[in-house]
Each structure stands twice: as structure tokens, then as C-alpha cells.
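None of the values given here were measured: they were computed from a predicted structure. Both backbone and side-chain heavy atoms feed into the values below; hydrogens, waters and symmetry mates do not.
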Amino acid sequence: MAALQGSSVSPPGRRPAPQSPVRERAGPGRPKWPSPGFTRLAGGGGGGGVPCACSARGPFASPGSGGAGSTGRRHMAQAGSAGRGAAGQKPAGAAPGCALWRWALGLLWLALAAAGSSRRQWPVPYKRFSFRPEPDPYCQAKYTFCPTGSPIPIMKDDDVIEVFRLQAPVWEFKYGNLLGHLKIMHDAIGFKSTLTGQNYTMEWYELFQLGNCTFPHLRPEMNAPFWCNQGAACFFEGIDDIHWKANGTLVQVATISGNTFNKMAKWVKWDNETGIYYETWTVQASPEKGAETWFESYDCSKFVLRTYNKLAELGAEFKKIETNYTRIFLYSGEPTYLGNETSIFGPTGNQTLALAVKRFYYPFKPHSSTKEFLFSFLQIFDAVIIHRQFYLFYNFEYWFLPMKFPFIKITYEEIPLPNRNDTLSGL
């Protein structure tokens, strides 16, 4: 929002303000690493075995920063059986109790590793930051973020504010209702002041388009992948009734007081300044109900849901209507923690792992021709479907996902509006 986030991606559903075209692609030059095949990682440590719809370096964090576990540690697997000769014999002079000690130490290590895995919190908590950094100049949006943004007004305490659910197909201004048929929707919230009659729209989306939030740039002059990933709130005057009603939803869901609105506005400022990056994927163990969730998405719909929950916490009562949201799932076995930028790509990093990560991300670059796109699609299919591997960047750390059928799925599922009593009882 302009008052909250002054940087410059256009609202996914509305026609953006004109702007000179900007290339949205990685820097020039093809990375000089082997392209054929993908290497499956060995299991180890931390996590266990081995999209509305988004840092290693640049606008978000200095190298080595990150959430829990970003201490530069690496998971390493050793091959071979130490202490045996070529024929499997004990080496001469070995003490009789050495083998037993080795077994005991081995079992202790396995027990500690299993305990560490069982202590892992799933889903991994989304990391919040103390402030929102300035975007790196390398990161350019094709369409200006929040071009008509305005400060959130202070309402009179006795004002009556109507709250609206807003939903429309992603990129409607460019593709019409095409993505609406696929139920790929963008979500926002509308407000109307009874005292002034003024309408407002509030939404949260990517600063540099969805592709930049989901995959990095591989810049030849940098060892690590470079991420242009920020998301932010946008608040502006007016509600585009035609846009939301034509192929989507504009329906009142609650009524709140001006005092409640002002409290919500303070919370939105905090949420916007501390939740700075976009996450496209929800990662789960399977599509089954109750399946383990490894990572949660952080996108436009999650902002709307967080705001609804905050309003319920402040006393708002919501109507009983069905509300559905788009979610993009990846399905995998238990993820393995790999490390952060420093531990993987730094001077003493794991060069084999660094090469594997960059090789995985390379086919996701922007394409200049249909032939190049088709070749990259085959590489992606080979990595994710055939070799069943995916490298996820979450909380400025890298994770390995052992992919499982059905691999990826887009859903449009109901998430009920919050119940005031349930929200208060959970505080």
C-alpha cells in the first residue's frame, strides 16, 4: 500500500497503469555448469530423508541470514565402511572392543538424528522480519506496484464500515476470464464508510510478478541464485465494481465499527512491514485430508484470511456464506534442510549441492523462443516427475523435496469465514 509500501507489480486482476516495458528475465549469458541429468541428494540431518497467484542475496537479507537453522551447517553423507581392510577384515592391532564402540556411537548418532527430525516443526513457520528493506535496483516490475495507492484513513469511532469479499481471475486485464475457468483467482478486501460513502480496496500481492517470486535469476557474475521476491499490501480509494463483479465476486461479508477499522489498520501496518516475501507453494505429504503440511503459502488469499481472522479477533461477526480460495500444492515426502546461501554457495560451501540447485533452477528462466521453452519444459519434467526432486527456497533457506504423485495440483477449495467465538477462544 502506498502508505505502507512505497516501492513499485500490478494488481493481478486490474488493468495496470501504463509503463515502459521492462525485461523480466535473468542476466545475459548461459551458466557454465553441466546441463544433462539431475543428481538425487543423499539423506541426512535436520529434516529427514533425501500460486494471486515469491533471499539469497540482494534486497532481503545479507548472506547467511535466515530463520532457525541458518548457522552455516551442512548435511554430509559418508560412504564406505571405515575400520575394515579390502577383504572386510579387522585391521591389524585393532582393539577387540572397537567394533562395539563404533556400533554404539553409530546407534547414538541415529537416535540423535531421529530425535532432531521428530522435533522439526511442521509446517515450517513463516519468518517475519523487523523491517521491510528497499528492493534491489536489479529487480524491475513490468507493471508498477500499487500505482494509485493512498494512506489508510483514520475513521471516526462511531462510523459503520461495510466489509466486502473481492475476488477475480488473475491477470484478468490481459486474459479476461481465461484463468477464471481454471479457478486461478486473486483475492482482496473492500470497505465502505457509511458516514462518508467512500469505498476502499485493500490487497496484497507481488512487487515483481509471480515468476520472480517463485524462481530466482541465475546471474553469471554471482555464485548464488538471485531472488527478486517481495510481496506487500496495497490500499487505495474506490472499488472497481465492474472488475470484481464481471467474472468474480463482490459480496458483503461483515460490518465493523470505525474503531475496529482503525485497530485493523495498525495491525495491517505491522503485518506489511514484517511479512515481506511471497510464497507460491503449499507443500503437503499428499492430497489426502489431514495429510502433513510441510510449508504454507504466503500470498494474496492468505493476507485476506489473516485480515478476516484479525477482524474476528477484534469482535467482527461474519455472515454465513461460502468462500473458496485458490491454492497451488506440491506433494513430497519429508523435506530435507540443505542450508542457506553462505553454507551452500559461500567460499567454503558445498559446491556439488550448489551446482545441483542452480542446475535445477536453470530451466525456469524466461524463454526467448518456443523451442527453448519446450526444451526447458522437458528438463523440468525430467527433474520433478521422473527424478522426483524439487528445491524449495523458504525463509531464505533451501530445502530438498522428494516429490510424490500427483506432484502438483491447483485447487479451489472452501475455507470458511472465521467465527468470532472460535477466534476469541483460541487467543
Side-chain angles (χ1 to χ4, degrees), residues 37-51 53-56 66-70 73-77 113 116-118 120-127 210-211 213-216 218 224-225 227 229 277-288 291-299 327-341 343-345 350 352-364 376-377 379-411:
F38 290 85
T39 304
R40 181 174 292 280
L41 298 178
V50 119
C54 68
S55 143
S70 60
R73 74 167 187 249
R74 282 163 285 167
H75 300 307
M76 306 174 69
S117 177
S118 64
R120 172 76 66 186
Q121 181 178 351
W122 303 115
V124 174
Y126 177 92
K127 182 180 179 182
L210 182 61
C213 290
T214 310
F215 300 106
L218 299 179
W227 292 84
N229 179 357
Y277 72 92
Y278 189 101
E279 178 52 51
T280 303
W281 313 106
T282 298
V283 186
Q284 286 190 342
S286 77
E288 300 298 324
E292 186 79 72
T293 298
W294 310 120
F295 301 93
E296 290 279 9
S297 61
Y298 198 87
D299 55 15
R327 302 180 74 186
I328 306 178
F329 287 90
L330 294 177
Y331 298 107
S332 82
E334 184 168 333
T336 297
Y337 173 80
L338 301 177
N340 58 25
E341 179 186 311
S343 65
I344 298 174
F345 302 97
N350 185 331
T352 301
L353 175 57
L355 183 66
V357 172
K358 291 190 287 188
R359 187 165 52 196
F360 172 80
Y361 282 129
Y362 184 77
F364 293 96
S376 294
F377 178 81
Q379 288 182 301
I380 295 168
F381 184 87
D382 179 68
V384 178
I385 308 301
I386 303 302
H387 288 85
R388 302 193 173 205
Q389 55 185 270
F390 195 100
Y391 291 92
L392 180 72
F393 189 61
Y394 195 89
N395 284 345
F396 304 98
E397 297 172 327
Y398 290 89
W399 298 76
F400 176 77
L401 307 180
M403 298 297 287
K404 295 165 54 178
F405 182 86
F407 307 105
I408 183 172
K409 187 177 182 181
I410 299 175
T411 67

Tightest non-hydrogen contact, residues K127 and N395, listed as N-OD1, 2.8 Å
Which heavy-atom pair separates T282 from R327 by the least distance, and what is that distance?
CG2-NH2, 3.5 Å
Under a 4.5 Å cut-off applied to non-hydrogen side-chain atoms, are [X] and [Y] in contact?
X    : Y    : result
L392 : W294 : no
P406 : F329 : no
S343 : Y398 : no
Y277 : F393 : no
P225 : K358 : yes
Q379 : R359 : no

May I ask you to decide if E397's main-chain N or O and Y337's side chain share a donor-acceptor pair within less than 3.5 Å?
no
Only counting residues at least two apart or in another chain, list the ones meeting side chain to side chain contact (heavy atoms under 4.5 Å, CB included) with [X].
X    : value
P125 : Q121
S286 : E288, A291
K409 : Y331, T411

Who pairs with F390 by ring-ring contact (aromatic ring centres under 6.0 Å, His included), at least two apart in sequence or on another chain?
W281, F360
Those residues that, when tested against F295, pass ring-ring contact (aromatic ring centres under 6.0 Å, His included) (two or more places apart)
Y394, W399
Once you round to the nearest 0.5 Å, how far does [atom1] of [X] lie from [atom2] of [Y]?
X    : Y    : atom1 : atom2 : value
L338 : I344 : CG    : CD1   : 5.5 Å
Y361 : L218 : OH    : CG    : 9.5 Å
I385 : F405 : CD1   : CZ    : 9.0 Å
D382 : Q389 : CG    : CD    : 8.0 Å

Can you name the side chain to side chain donor-acceptor pair (under 3.5 Å) partners of T293, sequence neighbours left out?
Q284
Sequence neighbours excluded, the answer for side chain to side chain donor-acceptor pair (under 3.5 Å) partners of Y298 is R128, R306
